[in-house]
Amino acid sequence: MKITSIKGMHDITEPESFAWRYAENLIKKQFEDFGFTEVRTPIVEYTQLFTRSVGEVTDIVQKEMYSFLDKNEESLSLRPEGTAPVVRALIEKNLLSHDPIQKLFYLGPMFRYERPQKGRQRQFYQYGFEVFGVAQPRQDAECVFMLVDLYEKLGLKNLSVSISSVGCPKCRPQYLEKLVKALSAQKSKLSEDSQKRLEKNPLRILDSKSPQDKEIVSKMPVMLEHLCSECEIHFEAFKNDLKTLNVNFNVNKNLVRGIDYYKRTVFEITSSSLGAQDAIGGGGRYDSLVEELGGPSTPAIGYAGGMERLIMLMDQDFEKYRPNLKYFFVTPDEKGAEKAFLLASKLRQKGVKVEIDHSGRSMKSQMKRADRLKAEKVAILGGSELEKGIVLVRDMATKQQTEVSFEDLLK
Ligand code: AMP
């Protein structure tokens, strides 16, 4: 029986992997240019980390976690998201005592037991970042700017940035009370899912995709109109700072993020080119999570985006992202092959990207492979070239051939 990969978990091979590599390099450079450093956390954590941070009543914790008991009967989970592990590491390694401002980024696989569809896998990759120790709205605006600029560098089009505020522990409870009251009056008209959410996670109803819910939601009180004065000031300043940086955005009153810990700023970046799963990524401020996980009270803001969806939005001519191959050695006979083997290895020691075929296949098949690998130049080295002490270098674009001495080639 043939063994296949697990449903919703995919291999990424060339030429798609070229696009992944290209995007990952750009993402890392962008984050580093904005002052972030990389953090790598384990893929498996104690289940409790996620139930306590992401929240008991979220979809992630209730139905999507890959949880299992290890040999020691401890409940572990494959990480469904990156923020909780980063916060755990921040606290465990006491990073804030070295520098009260920590700017960390990550990139790696996440796991959620969801129904696989286009743009939704069970193993997917997220890149994300967290800023700890800065409460000012200017930080929020800079994060959004960094992302929009990154997406432009990656060639993405049709982007929109939605922002909102979900209030804080001071103003949210009063608003929630009002919302639940208003929703309860319409309970029988809500979708079945939303009826369940009414008790456990009423904010999620605002995010419902069901048409019947949308109709009701459009008439509900909105958080943005119930912000306390501090939240109001923060939101106004955030918008002004975005304008200063010329970032286009729209205010989406019903933007709620699926995770419990958000406070004040929330934002989402979408693309109309994606279809039903249109979110490129989302983030927000979560000023109380560090404390809730046992660390010092620390303001924070973070974001996570999906790699698969990003790749779907890049130029689909993936060959474009193939790393440049400088030389392909073609060896018509064994005499030339030995010398070519030596020259290729020396060039590689110097950091030049070179390919050579040791299979002893015909010159024609070697040339074909050089073509397929899009070599910039082919270096032909057979017995007759060896006698002359040269390699025949053919430029694959111009088809021009020149004789180059071994010394010059290595230079
Ligand atoms: P979330 O952590 O749910 O806010 O997701 C952040 C981003 O990760 C989303 O906007 C998507 O781009 C991506 N994402 C989330 N879940 C999946 C999934 N199951 N498959 C692929 N991408 C995902």
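Owing to the predicted nature of the structure, the values given are computational and were not obtained by experimental measurement. Sequential numbering from 1 along the given sequence is applied to the chain's residues. Counting starts at 1 for both ligands and their atoms, in listed order.
Of the heavy atoms in Arg112, only side-chain atoms (C-beta onward) come closer than 4.0 Å to ligand 1. For Ile60, no heavy-atom contact with ligand 1 is shorter than 4.0 Å. Neither the backbone nor the side chain of Met110 comes within 4.0 Å of ligand 1, counting heavy atoms alone. Proximity of Glu81 to ligand 1, defined as any heavy-atom pair under 4.0 Å, is not found for any part of the residue.
In summary, the atoms of ligand 1 found under 4.0 Å from a heavy atom of Ala304, numbered by their order in the structure, are 6 (C), 7 (C). Atoms of ligand 1 found under 4.0 Å from any heavy atom of Glu114 (numbered from 1 in listed order, with element): 16 (N), 18 (C), 19 (N). Shown in contact with Ile280 at under 4.0 Å from a heavy atom are these atoms of ligand 1, numbered in order with element: 10 (O), 12 (O).
With distances taken over non-hydrogen atoms, the option nearest atom 18 (C) of ligand 1 out of Phe124, Phe111, Tyr113 is Phe124. Heavy-atom proximity to atom 7 (C) of ligand 1, evaluated over Met312, Met307, Gln126, is greatest for Gln126.
Ring to ring, Phe318 and Phe18 are not that close: their centroids are 6.0 angstrom or more apart.
Ligand 1 has an N or O atom lying under 3.5 Å from an N or O atom of Ala279, backbone or side chain.
A salt bridge is absent between Glu32 and Lys29: the closest approach of a Lys/Arg side-chain nitrogen to an acidic carboxylate oxygen does not fall below 4.0 angstrom. Taking the charged nitrogens against the carboxylate oxygens, Glu24 and Arg21 have no contact shorter than 4.0 Å, which rules out a salt bridge. Contact check on Glu230 versus Lys170 returns a salt bridge, with a Lys/Arg side-chain nitrogen under 4.0 Å from an Asp/Glu carboxylate oxygen. In this structure, Glu45 does not pair ionically with Arg79, as no charged nitrogen and carboxylate oxygen lie closer than 4.0 Å.
Between Val161 and Asn248, the closest side-chain pair of non-hydrogen atoms is not below 4.5 Å.
Phe329 and Gln366 get closest at one heavy-atom pair: O-OE1, 3.9 Å.
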